[in-house]
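What follows is a short report on a single structure.
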Amino acid sequence: MNGLALTESSLNLKEVRIYKTIYIDGNEKRVVDQEATVVAQQKQELIKQEFSKWIFKDEERRDRLVAYYNRHFNNIRPREYDGSGLTFPGMNTEIQLREHQKNAIAHTLYGGNTLLAHCVGAGKTFEMVASAMEAKRLGVAKKSMIVVPKHLTEQFGTEFLQLYPNAKILVATAKDFSADRRKEFCSKIATQDWDAVIMGYTQFEKIPISKERMEALLSEQIQEIVDAIEEMKEQNGERFTIKQAEIAKKNLESRLEKLQNDDTDQTVTFEELGVDRLYVDEAHYYKNLFTYTKMSNIPGISTSFRMTSKKAATFWNYPLKKGKSIWTRRISSL
């Protein structure tokens, strides 16, 4: 790999790898040349350092680029949410929420998608409960669903009523999602005006999204992979990565064809429940959603088509708020 290729990779935030061809039982196989890769990456780091020195060496160029960066990328300050004006009618008067809890609730009401990443014991349960009730009172949402680990459904329901004693909630039990009662329970969700519906992960995953939405989702994922393959080929991407993408594309096409040929009559779908706000406890269980990026080896981000989570891919596309996904996620630790 010459200096031009190393520079181009650096400008595109790619970590270089050098490959070599070996033969196993007469079969050709392409593997990473570890020794050559280390040398190439050292050269790449040297290029980055020299480029950084050069870019700031000229005073006019430095001022021009700094001004451009500040104007286009360094000009947004994250919004701060103030919940001091929230009143919480119907809340237990013996319980007083802390300032950070009120601000977090304001964030869920005014800021769309929200991650409640406070430390353990900071009161995230009450934040979700109060957020759901305020969203209902203010007309932000008509019916909230709260998904928690299976063993916490009853405990969460108890804490919900502790904060809002007069709330109308529906807590799913293990029997409610047995094969002969699932449809009846889903009908109960859809036909009554609940303040919140609480259920476990496994129960939530038994509620399908509509066939039409799943087809649209799969088609969208296939197109994203097709676009990624074309981009990788234009940039002379690694053969292994392109091959992975093509395998993923075939798998998705196979799933789409199977879905289109499935004439099985579905039970009540998620769209028919009337749920327009979703709260998820311990949201890290739904991680590993595939993300296409030119960068590699990014901690915490799944860039492999094979490693992507089907569970996460389906969950993040549940239809809420007329097609716009709005949900609140809660985790105990980062």
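We number each residue from 1, following the sequence as shown.
Side-chain atoms of Gln44 come within 3.5 Å of backbone atoms of Lys14 as a donor-acceptor pair (strictly under, hydrogens ignored). A donor-acceptor contact shorter than 3.5 Å links the side chain of Asn92 to the backbone of Glu94. Using modelled atom types, one side-chain atom of His100 and one backbone atom of Ala122 make a donor-acceptor pair closer than 3.5 Å.
In this structure, Leu278 and Ser144 have side chains that are not in contact, with every pair of non-hydrogen atoms separated by 4.5 Å or more. Glu127 has its side chain out of reach of Leu97: every pair of non-hydrogen atoms, C-beta onward, lies at least 4.5 Å apart. Under the 4.5 Å side-chain criterion, counting only non-hydrogen atoms from C-beta, Val280 is not in contact with Phe204. Looking at Arg277 and Met145, their side chains never come closer than 4.5 Å, going by heavy atoms from C-beta outward. Contact of the Tyr81 side chain with the Leu109 side chain is not registered, since no non-hydrogen atoms from C-beta on lie closer than 4.5 Å. Contact of the Asp33 side chain with the Arg17 side chain is not registered, since no non-hydrogen atoms from C-beta on lie closer than 4.5 Å. The shortest side-chain heavy-atom distance between Arg64 and Val66 does not fall under the 4.5 Å cut-off. Taking 4.5 Å as the limit, some side-chain heavy atom of Gln162 sits within range of a side-chain heavy atom of Phe126.
Taking the six-membered ring for Trp and thresholds of 30 and 60 degrees, Phe160 and Phe156 have ring planes inclined between 30 and 60 degrees apart.
Annotation for Ile189 and Leu170: closest pair CG1-CD2, 3.8 Å, computed over non-hydrogen atoms. Summarising the geometry of Leu11 relative to Phe51, their closest heavy-atom pair is CD2-CZ, 4.4 Å, with the distance given to 0.1 Å. In plain terms, the two heavy atoms of Met199 and Val197 that are nearest each other are CE-CG1, 4.0 Å. Heavy-atom minimum distance, Gly157 versus Ile198: CA-CD1, 3.8 Å.
Side chains of Thr173 and Asp176: a donor on one and an acceptor on the other come within 3.5 Å. Judged by distance alone, the side chains of Glu8 and Asn12 never bring a donor and an acceptor atom under 3.5 Å apart. There is a side-chain donor-acceptor pair under 3.5 Å between Ser131 and Tyr279. Using modelled atom types, one finds a donor on one side chain and an acceptor on the other under 3.5 Å when comparing Ser210 with Glu271. No donor-acceptor contact under 3.5 angstrom links the side chains of Gln41 and Glu45, judged on distance only. No donor-acceptor contact under 3.5 angstrom links the side chains of His118 and Gln101, judged on distance only.
Using a cut-off of 4.0 Å between Lys/Arg side-chain N and Asp/Glu carboxylate O, Lys53 and Glu50 are scored as salt-bridged. Using a cutoff of 4.0 Å between basic side-chain nitrogens and carboxylate oxygens, Lys249 and Glu253 are scored as salt-bridged. A salt bridge is defined here as a Lys NZ or Arg NE, NH1 or NH2 lying under 4.0 Å from an Asp or Glu carboxylate O, and Asp276 with Lys142 fails to meet this definition.
At least one test fails for Arg182 against the ring of Phe177: distance under 6.0 Å to the centre or angle within 45° of the axis.
Note on Met1 and Val38: separate hydrophobic clusters, where clusters join Ile, Leu, Val, Met, Phe, Trp and Tyr whose side-chain heavy atoms are under 4.5 Å apart, directly or indirectly. When hydrophobic clusters are built by joining Ile, Leu, Val, Met, Phe, Trp and Tyr residues whose side-chain heavy atoms come closer than 4.5 Å, directly or via intermediates, Ile18 is not grouped with Ile22. Residues Val226 and Leu256 share a hydrophobic cluster, clusters being chains of Ile/Leu/Val/Met/Phe/Trp/Tyr side chains in contact below 4.5 Å. When the side chains of ILVMFWY residues are joined at heavy-atom separations under 4.5 Å, either directly or via intervening members, Leu6 and Val39 end up in two distinct hydrophobic clusters. Transitive grouping of hydrophobic side chains (ILVMFWY, heavy atoms separated by less than 4.5 Å) brings Met128 and Ile95 into a common cluster.
Partner Asp193 forms a salt bridge (Lys or Arg N to Asp or Glu O under 4.0 Å) with one of Lys136, Lys143, Lys188 and no other, that one being Lys136.
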When you look at Lys29 and Tyr23, which way does the side chain to side chain contact (heavy atoms under 4.5 Å, CB included) test go after all the steps? CA-CA 6 Å; Lys29 187 176 181 181; Tyr23 294 89; over 6 Å; no

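Annotation: Lys168, atom NZ; neighbour count of heavy atoms from other residues, nucleotides and ligands within 6.0 Å is above 12. Residue-environment remark: NZ (Lys48) exceeds the threshold of 12 foreign heavy atoms within 6.0 Å. Within a 6.0 Å radius of CD in Glu60, other residues, nucleotides and ligands contribute more than 12 heavy atoms. A 6.0 Å sphere centred on CD of Glu215 holds more than 12 heavy atoms belonging to other residues, nucleotides or ligands.
The CZ atom of Arg98 sits 13.5 Å away from atom CG of Asn103, with the distance rounded to the nearest 0.5 Å. Distance check: Asp195 CG to Leu161 CG gives 10.0 Å after rounding to the nearest 0.5 Å. Rounding to the nearest 0.5 Å places CG of Leu86 at 7.5 Å from CG of Leu138.
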